[in-house]
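Single-structure report; data block below.
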Amino acid sequence: MRMRPTLAWTPPEDLPPGTTDWEPVAEALGAGGVLVLSGAGLSTESGIPDYRGEGGSLSRHTPMTYQEFTASAPARRRYWARSHLGWRTFGRARPNAGHRAVAAFGRHGLLSGVITQNVDGLHQAAGSEDVVELHGSLDRVVCLSCGAFSPRRELARRLEEANAGFAPVAAGINPDGDADLTDEQVGDFRVVPCAACGGVLKPDVVFFGESVPPGRVEHCRALVRRSTALLVLGSSLTVMSGLRFVRQAAQEAKPVWIVNLSPTRGDAHAVARVGLPLGATLTAVAQRVGVEVGVSGASAGAGGRGGVDAGS
């Protein structure tokens, strides 16, 4: 069964108000065993816009759905033209203070794990280990026919060769790495097939309208069960893929803390939502618990990792 895309959520009038007191978050982290669940809002300070925040990409852009991608060759052409251009910019993103703080919490043994709804690889670039990429990663490509995986950098090289001189100016870049291009800018962009079998290639990410693999969901549920608390960072929790873990934590009497500027669909299940910018807040929390954030030594995000949604 595939999920119906949920692109919008309207906060109810009786939603608990946010707070600016981050001290309880520091206390929870100081006790250890905290599971982090991150969303697109964590990467905005790296120059990657989110979906639903102020100026979010959904105000100008409707993400590709799995059904449209698999059913329509013209849709795949539009997607790959826009994604190929977006990849050049997306891959230059660097981890910000929020990513570095999460990595520092992990190094100091304060976390039970990290689940991210993001597909940008910035947690790993900052030094976090064993990150569960709930919606996959943009730097992997999978063939829908034979199931073969290949690095995105390899596909980028093949697309460059097939579309020499393709360099339109995009109106913007979206959290899924998709650039905003008109049909005229897409033109007759050439899509390349799987090098192994000639099948259709798809980024190894969970599109809107597609389900997260069941095994991955169960792994995340196990992480929730083993945690002492859940810390949500930069996610509106509009889609069920992330919200279900907030509901699970609440049902298991695990405290849920949310750091997000805007109200979220999970606020009713949380102890509190801290409505402050993530980078500065997590840096302050790190200082309070005696963790040095430092500066990431990684050179790049998704594009820089070179090996290897989805909305928040």
Side-chain angles (χ1 to χ4, degrees), residues 6 8-45 50-54 56 96-99 101-102 105-106 110-118 122-123 128 131-132 134-135 175 220-221 223-224 227-286 288-289 309-312:
T6 303
W9 169 76
T10 301
E13 294 182 359
D14 60 349
L15 200 65
T19 179
T20 57
D21 181 12
W22 49 261
E23 293 279 358
V25 174
E27 292 176 8
L29 277 164
V34 174
L35 176 62
V36 165
L37 171 63
S38 68
L42 186 62
S43 293
T44 57
E45 293 176 34
D50 64 8
Y51 283 105
R52 300 174 181 85
E54 185 176 353
N96 61 54
H99 298 110
V102 171
F105 297 147
L110 303 181
L111 303 181
S112 62
V114 177
I115 302 170
T116 184
Q117 298 173 96
N118 300 336
L122 292 177
H123 274 299
S128 289
V131 178
V132 179
L134 188 63
H135 296 152
C220 292
R221 289 198 180 280
L223 288 175
V224 175
S227 69
T228 59
L230 179 63
L231 176 60
V232 180
L233 303 175
S235 176
S236 68
L237 298 169
T238 296
V239 295
M240 187 56 66
S241 63
L243 179 63
R244 60 184 144 198
F245 305 123
V246 171
R247 290 179 171 176
Q248 177 189 346
Q251 289 168 357
E252 295 176 1
K254 308 284 180 68
V256 176
W257 299 96
I258 299 174
V259 184
N260 197 66
L261 284 171
S262 303
T264 83
R265 198 176 171 194
D267 286 8
H269 304 286
V271 176
R273 175 180 59 85
V274 180
L276 293 172
L278 278 156
T281 301
L282 293 179
T283 299
V285 168
R288 178 55 55 90
V289 299
D309 20 279
S312 72

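This structure is a prediction, so every number in the text was calculated from the model and none was measured. Atom set for the values below is all heavy atoms of this structure, side chains included, hydrogens, waters and symmetry mates excluded.
- The shortest distance between side-chain heavy atoms of Leu111 and Val36 falls below 4.5 Å.
- Atom CE of Met240 sits about 11.0 Å away from atom CZ of Phe245, to the nearest 0.5 Å.
- Using a distance-only test at 3.5 Å, with no hydrogens or angles considered, a donor-acceptor pair links the side chain of Arg273 to the main chain of Leu261.
- Within the 4.5 Å cutoff, the side chain of Arg221 has heavy atoms near those of the Arg244 side chain.
- In plain terms, the two heavy atoms of Ala97 and Thr283 that are nearest each other are CB-OG1, 3.7 Å.
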Item to complete: With side-chain hydrogen bond (donor to acceptor under 3.5 Å, both in side chains) as the test, would you mind laying out the steps for Thr264 and Ser236 before giving the verdict?
Response: CA-CA 4 Å; Thr264 83; Ser236 68; over 6 Å; no
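- Between the Glu45 side chain and the Gly279 main chain, a donor and an acceptor come within less than 3.5 Å of each other.
- Between the side chains of Ser235 and Gln117, at least one donor N or O sits under 3.5 Å from an acceptor N or O.
- Between Asn96 atom CG and Leu42 atom CG the span is 5.5 Å, to the nearest 0.5 Å.
- Remark: the backbone N or O of Gly266 is not paired with any side-chain donor or acceptor of His269 at under 3.5 angstrom.
- Side-chain atoms of Ser241 and Leu134, non-hydrogen and from C-beta on, do get closer than 4.5 Å to each other.
- The shortest heavy-atom contact between Ala268 and Leu15 is N-CD1, 4.1 Å.
- For the side chain to side chain contact (heavy atoms under 4.5 Å, CB included) with Ile258, the lone residue among Leu237, Val271, Leu230, Val25 that qualifies is Leu237.
- Under the 3.5 Å distance criterion, the side-chain polar atoms of Asp267 are left unmatched by any main-chain donor or acceptor of Ala272.
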Worksheet item: Can Trp22 and Val259 be said to form a side chain to side chain contact (heavy atoms under 4.5 Å, CB included), step by step?
Response: CA-CA 9 Å; Trp22 49 261; Val259 184; over 6 Å; no
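- By the 4.5 Å heavy-atom criterion applied to side chains, Leu29 and Leu231 are counted as neighbours.
- For the atom pair CG of Leu278 and NE2 of His99, the computed distance is 9.0 Å after rounding to the nearest 0.5 Å.
- The nearest pair of heavy atoms linking Arg265 to Thr238 is NH1-O, 2.5 Å.
- Considering all non-hydrogen atoms of both residues, Thr228 and Gly32 come closest at OG1-O, 2.8 Å.
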Item to complete: Before giving the answer on side chain to side chain contact (heavy atoms under 4.5 Å, CB included), spell out for Leu223 and Val132 the whole-Å C-alpha distance, their side-chain angles and the decisive distance to 0.1 Å.
Response: CA-CA 10 Å; Leu223 288 175; Val132 179; 3.8 Å; yes
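- In terms of heavy atoms, Val256 sits closest to Ala249 at CG2-CB, 3.8 Å.
- Contact check for Val232 versus Val246: side-chain heavy atoms found under the 4.5 Å cut-off.
- For the residue pair Ser38 and His123, a side-chain donor N or O sits within less than 3.5 Å of a side-chain acceptor on the partner.
- Counting heavy atoms from C-beta on, the side chains of Gln248 and Cys220 never come closer than 4.5 Å.
- Between Phe105 and Val285, the closest side-chain pair of non-hydrogen atoms falls below 4.5 Å.
- Expressed to the nearest 0.5 Å, how far CH2 of Trp257 lies from OG1 of Thr19 amounts to 9.0 Å.
- Residues Arg247 and Glu252 fail the side-chain proximity criterion, which asks for heavy atoms closer than 4.5 Å.
- Nearest approach of Leu282 to Ala101, heavy atoms of both residues: CB-CB, 3.7 Å.
- Qualifying salt bridge (Lys or Arg N to Asp or Glu O under 4.0 Å) partners for Arg288, counting only residues two or more places apart in sequence or in other chains: Glu23.
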